[in-house]
K.L.:
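Okay, handing you the structure first.
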Amino acid sequence: MDVMPQQDPESRRPPEPSPQDPYAMPAEGATAVPPPPPTLRTTLRRAAFGAVAAGVLLAGALVAVPDGDRDAPKEPGPVERAEAAATAGSPASLSDLTALIGDRQKWVESHPDDAPSWATLGSAYVEWGRRSADAAYYGRAEEALKRSLDARPGERGNGEAWVGMAALANARHDFLAAKRWGETVRKQDPKAWSVYPVLIDAYTGLGDVKAATGATEKFGELRKGVPALARTADLYRGQGWREDALATAREAADRATEPAEKAEALHRLGELAWERGEPEEAVAQFDAALRTDSGHHASLAGKARALVALERTDEALAAYQSAVTGLPRPEYVLELGELYESLELDGDARSQYEKLGGLLEQAKAAGVDESVIRARYESDHGDPAVAVELLRGQWKKQHRSAAVADALGWALHRAGKSEEGLEYAQQAVDTGVRNASYAYHLGVIEQQLAQYGPARRHLEEALRTNPAFSPLDAPKAREALETLGEPSPGGPGDTQPPPPPPAPVPEPKRESGPEPKPERKREPEQEPKRESPRPEAPAPAPSKTPPAPSKAAPGTPAAVEADASKSP
């Protein structure tokens with residue numbers, strides 16, 4: 001079984017170290033094979049010689065070596081740095097991760113039954129594939145982790161291989177499988193801190209906020225420091241607690257020391273600034289992340305997004321192009337295509353959409369489920385019916401995060417099923433996450449359903465949250481608001497464009513004849529009230545929560561069965 005990367009001239013995989021490479025020096029740790037013990041005679045001879053030599057050398061050393069250098073610790077190498085980062089739960093630099101992979105590859109060649117080394121190699125493959133957007137590494141990761149479990153099953157203490165399998169499932173967006181692997185480890189050893197990050201990712205992908213919160217709190221108890229702060233900031237961000245997320249993310253950035261960890265923390269601050277609609281601050285934070293780690297291409301993509309909002313289009317295009325070259329994630333390619341489309345550069349947009357299709361096919365071949373990204377493309381640029389089918393499949397697999405709910409609601413609207421889509425779009429917004437796109441989608445669906453008051457409220461919320469949330473959709477949100485007009489005075493009822501005034505009705509001609517006898521005047525208490533004509537009052541504003549539909553609510557078994565019956 002081949003679990004070693006196949007090198008080629010254009011490969012983006014970790015290269016084999018060359019003899020001139022400093023990483024090619026004799027390795028320490030797992031790759032250092034101890035020599036056989038010396039004989040007793042040799043030992044005595046060396047001791048006698050060493051006693052004489054030591055006296056001479058020590059005298060010279062005391063004169064030549066400053067006091068501060070005698071006890072100076074050895075500088076850790078790239079493998080040790082990568083191992084230290086993994087032990088702390090922090091990201092390693094890509095160069096250190098490359099060195100660790102090469103180290104473990106050589107070791108397992110001569111030690112094929114070393115279960116911990118296979119587990120480390122498999123987990124390193126997962127991390128490399130995730131951070132380089134090279135899904136081909138996931139197959140190698142699976143093989144290495146299976147080798148580890150063959151050498152020592154998880155029940156016999158090989159929990160790290162199980163954690164690696166959970167991380168691999170998350171990377172492939174199979175959150176239900178990741179949950180099963182992670183919960184197996186937690187059941188066996190509840191204090192194994194390394195399992196909680198993969199459980200947090202799995203619960204978040206499944207939309208289980210309560211479980212994700214509990215896992216985050218437990219991780220903070222077991223592993224304090226920057227990793228716990230980063231996870232807590234992400235939790236607050238997903239629940240819409242902006243101030244708490246910002247304060248926690250700043251603390252994580254202040255306490256981070258290693259370059260890869262620092263860059264990740266600064267990137268998080270950039271994302272929070274972008275979501276608040278502060279593109280200048282976002283650019284500053286992303287630039288700081290790139291100064292810390294020039295290979296942090298996710299920050300380059302974030303900077304491009306913020307530059308679009310600042311109307312620095314040429315710089316944004318250059319940043320996007322560099323980002324998708326260094327880190328070809330499908331979402332970045334889709335964003336670049338939509339930027340070209342907003343600039344009416346249709347040929348360039350089509351090229352990016354074709355590239356997106358190729359990346360999605362590669363991901364599928366590697367076992368990665370990119371249904372949400374593909375559905376986003378199909379909803380706005382392709383066939384919305386295909387998007388609905390893809391997202392119904394996600395919902396059946398219990399992938400019910402805010403992102404999936406929003407995408408399904410929008411796809412249903414685009415496919416002509418706005419009433420059904422309203423339920424999912426509302427569910428995404430009700431999670432509390434402050435996402436301008438979610439509010440925009442809900443507002444457009446409400447406008448289509450003539451719910452004009454809520455539509456205006458959510459469209460305003462989208463533009464207030466981030467006025468430049470999308471080069472394509474932000475202008476459409478402003479146009480939709482202009483169409484709705486200003487709310488009518490006197491209350492928050494549904495507002496719609498005023499109807500044309502009614503045509504005057506001519507009075508009927510009275511026929512000639514005897515005058516009718518006047519009726520006897522009734523007593524005041526018996527006289528019925530007569531309604532005086534008045535303008536039609538606006539309908540009362542609906543509550544935030546839409547009325548319960550006659551069909552089962554989304555997420556229940558009945559709703560899942562109904563979704564299946566309605567699938568194209």
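Values reported hereafter were calculated over all heavy atoms of this structure, with side chains retained and with hydrogens, waters and symmetry mates removed.
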K.L.:
Quick one: closest heavy-atom pair of Ala253 and Leu266, and the distance?
P.N.:
CB-CD2, 4.5 Å

K.L.:
Do Leu206 and His399 come within less than 4.5 Å of each other through their side chains, counting heavy atoms only?
P.N.:
yes

K.L.:
What's the separation between atom CG in Leu334 and atom CG in Leu359, rounded to the nearest 0.5 Å?
P.N.:
11.0 Å

K.L.:
Does Glu370 come within less than 4.0 Å of Arg172, counting only side-chain N to carboxylate O?
P.N.:
no

K.L.:
Any non-hydrogen side-chain atom of Val308 less than 4.5 Å from a side-chain atom of Leu317?
P.N.:
no

K.L.:
If we ignore hydrogens and angles and just use 3.5 Å, is the side chain of Glu80 paired with the main-chain N or O of Gly77 as donor and acceptor?
P.N.:
yes

K.L.:
Using modelled atom types and a 3.5 Å cut-off, is there a donor and acceptor pairing between side-chain atoms of Ser294 and backbone atoms of Leu290?
P.N.:
no

K.L.:
Side chains of Asp234 and Arg268, heavy atoms from C-beta outward: is any pair under 4.5 Å?
P.N.:
yes

K.L.:
Just jot down the side-chain contact (heavy atoms from CB on, under 4.5 Å) partners of Glu251, sequence neighbours excluded, or say none.
P.N.:
Leu229, Arg255

K.L.:
Measuring from atom CZ of Arg376 to atom CG of Asp406, what distance do you get when rounded to the nearest 0.5 angstrom?
P.N.:
9.0 Å

K.L.:
Check the pair Thr465 / Glu275 against side-chain contact (heavy atoms from CB on, under 4.5 Å), numbers first and verdict last.
P.N.:
CA-CA 7 Å; Thr465 300; Glu275 290 173 359; 5.9 Å; no

K.L.:
Check whether any side-chain heavy atom of Val79 lies under 4.5 Å from a side-chain heavy atom of Asp96, and answer yes or no.
P.N.:
no

K.L.:
Report the residues that fulfil side-chain contact (heavy atoms from CB on, under 4.5 Å) with Ala468, sequence neighbours left out, ordered by chain and then residue number.
P.N.:
Ala309, Asn466

K.L.:
Tell me, please, which residues at least two apart from Lys355 pass side chain to side chain donor-acceptor pair (under 3.5 Å).
P.N.:
none

K.L.:
Side-chain contact test, heavy atoms from C-beta onward, threshold under 4.5 Å: evaluate it for Arg434 versus Arg237 and give yes or no.
P.N.:
no

K.L.:
Can you give me the closest heavy-atom contact between Arg223 and Ala88, atom names plus distance?
P.N.:
NH2-CA, 3.7 Å

K.L.:
What pair of heavy atoms forms the shortest contact from Ala202 to Ala178, and how long is it?
P.N.:
CB-CB, 3.9 Å

K.L.:
Using the salt bridge (charged side-chain N to carboxylate O under 4.0 Å, His left out) rule, take Asp369 and Lys397 through it: C-alpha gap first, then chi angles, then the decisive distance, then the call.
P.N.:
CA-CA 12 Å; Asp369 186 353; Lys397 292 198 298 185; 2.7 Å; yes

K.L.:
Quick one, Glu361 with Lys364, criterion salt bridge (charged side-chain N to carboxylate O under 4.0 Å, His left out). Give me CA distance, side-chain angles, the key distance, then yes/no.
P.N.:
CA-CA 5 Å; Glu361 288 301 317; Lys364 184 177 180 180; 5.4 Å; no

K.L.:
Mark yes or no for whether Thr431, through its side chain, and Ala428, through its backbone, hold a donor-acceptor pair below 3.5 Å.
P.N.:
yes

K.L.:
Tell me the closest heavy-atom pair linking Ala92 and Ala82, and the distance in Å.
P.N.:
CB-CA, 4.0 Å

K.L.:
In chain order, what residues pass the side-chain contact (heavy atoms from CB on, under 4.5 Å) check against Arg276, with sequence neighbours excluded?
P.N.:
Arg242, Leu246, Leu272, Ala273, Glu278, Glu281

K.L.:
Rounded to the nearest 0.5 Å, how far apart are CG of Leu145 and OH of Tyr138?
P.N.:
13.0 Å

K.L.:
Going by side-chain contact (heavy atoms from CB on, under 4.5 Å), name the residues that satisfy it together with Leu345, two or more places apart in sequence or in a different chain.
P.N.:
Tyr340, Leu343, Asp348

K.L.:
Judged by modelled atom types alone, do Arg329 and Tyr332 share a side-chain donor-acceptor pair under 3.5 Å?
P.N.:
yes

K.L.:
If you take all heavy atoms of Leu327 and Ala298, which pair is closest and at what distance?
P.N.:
CD2-N, 3.9 Å

K.L.:
What residue pairs, at least two apart or across chains, pass salt bridge (charged side-chain N to carboxylate O under 4.0 Å, His left out) with a residue in residues 308-319?
P.N.:
Arg312-Glu315

K.L.:
Keeping to residues at least two apart or across chains, list the side-chain hydrogen bond (donor to acceptor under 3.5 Å, both in side chains) pairs with something in residues 179-190.
P.N.:
Glu183-Tyr203, Arg186-Tyr203

K.L.:
Got a second to check how far Ser90's OG is from Lys262's NZ, nearest 0.5 Å?
P.N.:
12.5 Å

K.L.:
Which pairs count as salt bridge (charged side-chain N to carboxylate O under 4.0 Å, His left out) when at least one residue sits in residues 192-218, sequence neighbours excluded?
P.N.:
Asp201-Arg231, Lys218-Glu221

K.L.:
Output the distance between atom OG1 (Thr325) and atom CG (Leu300), rounded to the nearest 0.5 Å.
P.N.:
9.5 Å

K.L.:
Less than 4.5 Å apart, side chain to side chain, heavy atoms only: is that true for Lys224 and Trp193?
P.N.:
no

K.L.:
Does one side chain, of Trp128 or Asp134, offer a donor that lies under 3.5 Å from an acceptor on the other?
P.N.:
no

K.L.:
Say you draw a straight line from CD1 of Ile101 to CG of Leu97; how long is it, rounded to the nearest 0.5 Å?
P.N.:
4.5 Å

K.L.:
Is there a donor-acceptor pair under 3.5 Å between the side chain of Arg400 and the backbone N or O of Ala405?
P.N.:
no

K.L.:
Quick one: does NZ or CZ of Arg374 land under 6.0 Å from the six-membered ring centre of Tyr377, within 45 degrees of the ring axis?
P.N.:
no

K.L.:
Take Glu142 and Lys146, measure what salt bridge (charged side-chain N to carboxylate O under 4.0 Å, His left out) needs, and give me the verdict at the end.
P.N.:
CA-CA 6 Å; Glu142 185 173 8; Lys146 285 181 176 178; 3.3 Å; yes

K.L.:
Looking at every heavy atom in both Ala249 and Ala233, which two are closest together, and how far apart are they?
P.N.:
N-CB, 3.8 Å

K.L.:
With heavy-atom distances below 4.5 Å as the criterion, would you say the side chains of His297 and Arg131 are in contact?
P.N.:
no

K.L.:
Going by side-chain hydrogen bond (donor to acceptor under 3.5 Å, both in side chains), name the pairs with one or both residues in residues 152-165, residues two or more places apart or in two chains.
P.N.:
Ser148-Asn158, Glu160-Ser194

K.L.:
Within the structure provided, determine whether Leu307 and Tyr320 are in side-chain contact (heavy-atom separation under 4.5 Å).
P.N.:
no

K.L.:
Can you list every salt bridge (charged side-chain N to carboxylate O under 4.0 Å, His left out) pair that touches residues 284-305, not counting sequence neighbours?
P.N.:
Glu271-Arg305, Asp287-Lys303, Arg305-Glu335

K.L.:
In chain order, what residues pass the ring-ring contact (aromatic ring centres under 6.0 Å, His included) check against His296, with sequence neighbours excluded?
P.N.:
His267

K.L.:
Would a distance-only check, ignoring hydrogens and angles, find a side-chain to backbone donor-acceptor pair under 3.5 Å from Ser123 to Thr120?
P.N.:
no

K.L.:
Partners of Trp241 by ring-ring contact (aromatic ring centres under 6.0 Å, His included), sequence neighbours excluded?
P.N.:
Tyr236

